[in-house]
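Below is one structure, written out as structure tokens; the observations come after it.
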Amino acid sequence: MDTSSPFQPADQDFVADPYPAYTALRASGRAHHHTPTNQWLIPHHADVSDLLRDRRLGRTYLHRFTHEEFGRTPPPPSHEPFHTLNDQGILDLEAPDHTRIRRLVAKAFTPRRVEELEPVVDRIATHLVGDFVAAGGGDLLTDVAEPLPVTVIAEMLGIPEEDRHLLRPWSADICGMYELNPDEDTAARAVAAAVEFSAYLRELIRTRRHRPAPDLISALIAVHDTDGTRLTEQEMISTCVLLLNAGHEATVNTTANGWWTLFRHPEQLALLRAEPEKLLPGAVEELLRYDTPLQLFERWVLDDIEVGGTRIPRGSEVALLFGSANRDPAAFAAPDTFDVRRPTAENRHVSFGAGIHYCLGAPLARLELAVSFGLLLREAPRMRLLTEPRWKPGYVIRGLTALEVEV
């Protein structure tokens, strides 16, 4: 631990409320080297926004350098199944592979497909919220927040209903590797999940090649460039896993964290309940800004850069602090104030990233959030918190262990 830094991602008090530490980081500079994670922390909105678009940084360096040339130790051979899966998804690729794969995926995962999912999202959310209200409440996280996006993505991909219980545990184990300095137990679980999930999807893809269905996997098989280039089987597998992992974590944590925020701001909750149709679209953006589900996004420095007069050399890793950027007073009026009436045009949060890695599933996440919050506001108008929740130990993907409420 570096006790001289306010940035303490292993400390549970910091995880519960990192925002005072972000204020201290912004006040003391634009780039801070953090020894325990060997990263440069970037806390200001303008810098985060610029570096997300800066091609001198990348999610990977292997398109230009070997591990040794970049001054990095290769991952252990035992981790290879995780990296085979993770490193061929568009989130962790750079051009030209990123450009090719994202273009092909975008042909299958179109805005029209997201529009066509609206009745699916509404049907699933209506069922989940209906059961939740009928039961008098429960754990909003496990009863509504988690199953909604997982079920939507499972239906979108064409995962049979009897297999969907496998998805969330696989995703949770894989996502453990995105935390800072994961230990060997975390890596072993991620590798096992990568092997099992990949084998499952490989078999499903082979089935769809022979028997296409109206689902995204069949669409991914069919898409091709003008020169006939198609996705490889591994690229399809990595894309499907990415769509599940990235496609539900933000929605799950924004739902649970968002309701926890609303319960702590009863006057804002009352405003939203009074005019849900008018205020809900802006409130979703404010929830994404105020308590960001993805707190940190890592990038490798491929060529020397300078941030605020500080030189950050090639081979370094920067940690773009989304949570801090979204509370930066240089970018937002009264940033520590939660305001469901904050104008959307002024809410330039970075919760979905920016540049070539901007979240492909952002429109679907916004749809799911609007539908679930809207239903709960209407069907459970007196929903209230039963017990103060606790935070999971993870910091990068930050969420609650449970959210017990009654309706």
Side-chain angles (χ1 to χ4, degrees), residues 1-28 32-43 48 138-143 145-146 168-169 171-190 193 245 248-265 287-298 317-328 335-336 338 351 385-405:
M1 292 182 64
D2 180 4
T3 56
S4 65
S5 172
F7 185 76
Q8 299 292 335
D11 183 87
Q12 197 62 21
D13 289 337
F14 172 87
V15 173
D17 185 10
Y19 298 104
Y22 293 155
T23 300
L25 285 172
R26 291 193 303 270
S28 58
H32 309 268
H33 187 261
H34 189 246
T35 303
T37 58
N38 193 23
Q39 293 174 317
W40 288 88
L41 308 177
I42 310 297
V48 168
D139 181 1
L140 188 62
L141 178 70
T142 58
D143 294 344
E146 288 182 347
R168 177 67 175 168
S171 177
D173 286 344
I174 290 169
C175 287
M177 284 292 274
Y178 304 143
E179 292 298 329
L180 301 175
N181 299 339
D183 58 27
E184 272 306 308
D185 287 342
T186 300
R189 289 193 297 272
N245 293 349
H248 83 275
E249 287 289 353
T251 307
V252 170
N253 290 327
T254 302
T255 302
N257 300 2
W259 275 105
W260 171 223
T261 295
L262 287 166
F263 288 137
R264 286 179 292 141
H265 296 83
L287 290 166
L288 286 162
R289 180 199 72 83
Y290 184 78
D291 206 8
T292 315
L294 179 67
Q295 288 285 315
L296 177 154
F297 192 66
E298 297 163 322
E317 188 178 36
V318 297
L320 306 177
L321 301 181
F322 282 10
S324 177
N326 285 345
R327 296 283 193 100
D328 187 346
D336 292 321
F338 175 65
S351 299
L385 189 68
L386 287 177
T387 58
E388 184 169 328
R390 292 180 296 107
W391 293 93
K392 296 176 183 176
Y395 157 73
V396 175
I397 302 173
R398 179 170 165 272
L400 302 170
T401 59
L403 190 67
E404 297 287 343
V405 302

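Worth saying up front: this structure is predicted, and the values here are computed from it rather than measured. Computed over heavy atoms, backbone and side chain alike; hydrogens, waters and symmetry mates excluded. The first residue in the sequence is number 1, and the count goes up from there.
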Is any side-chain heavy atom of [X] closer than 4.5 Å to a side-chain heavy atom of [Y]?
{"X": "F322", "Y": "Q295", "result": "no"}
{"X": "E179", "Y": "P9", "result": "no"}
{"X": "Q39", "Y": "L180", "result": "yes"}
{"X": "L385", "Y": "W259", "result": "no"}

[X] [atom1] to [Y] [atom2] distance, which is reported to the nearest 0.5 Å:
{"X": "N326", "Y": "L294", "atom1": "CG", "atom2": "CG", "value": "10.0 Å"}
{"X": "E249", "Y": "T254", "atom1": "CD", "atom2": "OG1", "value": "10.5 Å"}
{"X": "E388", "Y": "R264", "atom1": "CD", "atom2": "CZ", "value": "8.5 Å"}
{"X": "F263", "Y": "L386", "atom1": "CZ", "atom2": "CG", "value": "9.0 Å"}
{"X": "Y22", "Y": "F14", "atom1": "OH", "atom2": "CZ", "value": "4.5 Å"}
{"X": "C175", "Y": "H248", "atom1": "SG", "atom2": "NE2", "value": "6.5 Å"}

Quick one: does any side-chain atom of [X] pair with a main-chain N or O of [Y] as donor and acceptor, under 3.5 Å?
{"X": "R327", "Y": "P20", "value": "no"}
{"X": "D13", "Y": "Q8", "value": "no"}
{"X": "H265", "Y": "F338", "value": "no"}
{"X": "T186", "Y": "G176", "value": "no"}
{"X": "Q12", "Y": "W391", "value": "yes"}
{"X": "S324", "Y": "P43", "value": "yes"}

Do you know which of L296, V252, N253 makes side-chain contact (heavy atoms from CB on, under 4.5 Å) with I397?
N253
Can you tell me which residue pairs pass the salt bridge (Lys or Arg N to Asp or Glu O under 4.0 Å) test with a partner in residues 392-404, sequence neighbours excluded?
D291-R398
Which atoms form the tightest heavy-atom contact between D139 and L403, and what is the distance?
OD1-N, 2.9 Å
How are the rings of F7 and Y395 set to each other: parallel, tilted or perpendicular (split at 30° and 60°)?
perpendicular
